[in-house]
2 protein chains.
Amino acid sequence: MNEAGPGTKTRILDVAEDLFAEQGLDRVSIRDITEAAAVNLAAVSYHFGGKFELIAEVFERRLRPVNDARLVALDRAEKELGLKLKVEEILTAFIQPAIECCPGHEKGSKAFAKLFGRCLAEPRPEIENLLRRQFEPLVERFEKALIRALPHLSRADVFWRLKFTFGALHHWMLTKDRFIPAWAVKTDLDQQTEKLIAFASAGFKAQ
Amino acid sequence: MNEAGPGTKTRILDVAEDLFAEQGLDRVSIRDITEAAAVNLAAVSYHFGGKFELIAEVFERRLRPVNDARLVALDRAEKELGLKLKVEEILTAFIQPAIECCPGHEKGSKAFAKLFGRCLAEPRPEIENLLRRQFEPLVERFEKALIRALPHLSRADVFWRLKFTFGALHHWMLTKDRFIPAWAVKTDLDQQTEKLIAFASAGFKAQ
DNA sequence: GTCTATAGGTGGATAGAC
DNA sequence: GTCTATCCACCTATAGAC
């Protein structure tokens with residue numbers, strides 16, 4: 001790999017991420033990507049094997065660090081505050097890392113939120129497997145922490161409530177810059193994050 | 001219109017709904033639809049104008065009755081129980097009609113949940129406008145009822161919490177038959193509905 | 001209203017020169 | 001690693017016969 005500038009492979013990934021997020025996986029062609037990245041048409045086949053492998057790599061490149069950060073945040077909270085965390089602390093570890101990848105935060109990718117939404121709505125079974133690999137260990141880990149925090153809840157309740165929380169987060173990410181009335185746009189990202197954590201925590205504590 | 005059997009137009013809509021829900025809008029061609037519906041290739045152009053108009057009709061045919069039912073349910077609850085409803089009652093009017101279109105209920109369309117998810121993740125601006133038309137008056141109506149139920153909340157809080165609720169519902173619909181561990185599948189549809197309403201109601205009542 | 005045939009375009013992939 | 005040229009499958013839309 002001869003590094004001069006971002007390198008062909010990285011440049012393809014960056015451009016593909018933007019285009020996929022904006023237009024969807026199917027309406028973006030390899031031609032669109034390679035033209036926008038100013039690389040040769042054949043470069044995608046050479047570096048990734050084909051369009052699908054490129055898609056998978058685009059997703060994993062963003063999902064992996066977010067989910068890693070979630071686990072790190074939970075581990076750290078348990079180390080600092082003890083094994084029996086408050087619901088708010090657990091959900092902050094889950095929600096904050098995702099939001100920090102959104103535009104508005106310095107390291108946020110403009111495309112991350114939309115890309116993430118597309119990934120979840122994507123019907124291809126290969127993408128579903130990718131999601132399963134990424135999320136199953138994560139969900140198990142957070143479920144354990146949540147059961148410790150709310151020992152009166154059944155495992156099923158924790159599971160479904162985590163699903164609802166995930167849905168609220170995901171839909172918020174996917175639509176946070178659309179369908180917002182003028183009077184609500186002044187709510188900034190940190191406020192929205194707080195609102196979401198408060199909402200989900202209260203939901204978990206229901207009954 | 002000479003009605004013998006479901007009629008060409010309806011048959012196209014039914015088949016398109018299934019295929020779109022299962023495979024996504026872009027990977028289903030007019031050829032796939034007309035072959036599966038056993039009608040001529042040119043029938044889509046003749047009856048709808050083109051692929052996009054078919055897509056819009058497929059979505060609206062399902063969304064309109066659900067959103068109408070939501071408004072009817074809210075009106076009825078206010079007539080029966082008085083203007084100041086409980087949060088649970090308002091959210092039931094919002095959530096129940098959507099769930100009754102899901103498989104498991106007698107009149108439920110097998111494809112509705114997935115179709116609905118696709119529709120929300122769809123990037124085309126025309127679909128976004130369709131969603132706006134469908135949801136803006138609905139959201140306004142429910143916001144008013146929720147502000148009456150929770151007068152201490154700011155309008156912004158009600159707005160964001162309704163968005164979170166919508167996200168929980170939508171993600172649940174999109175993934176309720178995927179990513180479910182074996183031990184959780186025994187939770188039936190009505191139980192899941194109750195859990196969602198309880199979760200969201202508690203979220204609304206936070207603080 | 002239904003059908004065939006086809007125009008006119010775009011897609012992913014790849015062989016083979018450099 | 002990069003590039004050109006090209007293959008071939010597939011798409012939507014439509015003209016025009018029935």
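Residue numbers begin at 1 in each chain, while the letters A, B, ... track the order of the sequences.
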(message) Can you measure A/Phe48 atom CZ to C/dG12 atom P for me and round it to whole angstrom units?
(response) 15 Å
(request) Take atom CD1 of A/Ile12 and atom P of D/dC3, then tell me their distance rounded to the nearest Å. (result) 10 Å
(request) Indicate yes or no: at least one non-hydrogen side-chain atom of A/Val39 is less than 4.5 angstrom from one of A/Glu35. (result) no
(message) If we ignore hydrogens and angles and just use 3.5 Å, is the side chain of B/Arg161 paired with the main-chain N or O of B/Phe204 as donor and acceptor?
(response) yes
(request) Would you kindly give the CG-to-C1' distance between A/Leu25 and C/dG12, to the nearest whole Å? (result) 15 Å
(message) By nearest heavy atom, map B/Gly49 and A/Ala38 onto DNA chain D; which one lands nearer the 5' end?
(response) A/Ala38
(request) Measure from CZ on B/Arg11 to P on C/dT2 and round the result to the nearest Å. (result) 9 Å
(message) Output the rounded distance in Å from NZ (B/Lys51) to P (D/dC11).
(response) 9 Å
(request) For the pair A/Arg61 and A/Asp14, find out whether any cationic side-chain nitrogen is under 4.0 Å from an anionic carboxylate oxygen. (result) yes
(message) OP1 or OP2 of C/dG1 versus the side-chain N and O atoms of B/Thr8: is any pair under 4.0 Å?
(response) no
(message) I need the CD-P distance between A/Glu53 and C/dG12, as an integer number of Å.
(response) 13 Å
(request) Could you state the atom-to-atom distance from CG of A/Leu54 to P of C/dG11 in whole Å? (result) 15 Å
(request) Could you tell me whether A/Glu122 and A/Arg118 have a side-chain N and a carboxylate O separated by less than 4.0 Å? (result) no
(message) For B/Pro137, is there any backbone N or O sitting under 3.5 Å from a side-chain donor or acceptor partner on B/Arg141?
(response) no
(request) For nucleotides 5-10 of chain C, just jot down a letter per nucleotide in 5' to 3' order: B, S or -, based on protein non-hydrogen atoms under 4.0 Å. (result) ------
(message) I need the CD1-C1' distance between A/Ile30 and C/dA13, as an integer number of Å.
(response) 8 Å
(request) Kindly say whether A/Val15 contributes a backbone atom to a donor-acceptor pair with the side chain of A/Asp18 at under 3.5 angstrom? (result) no
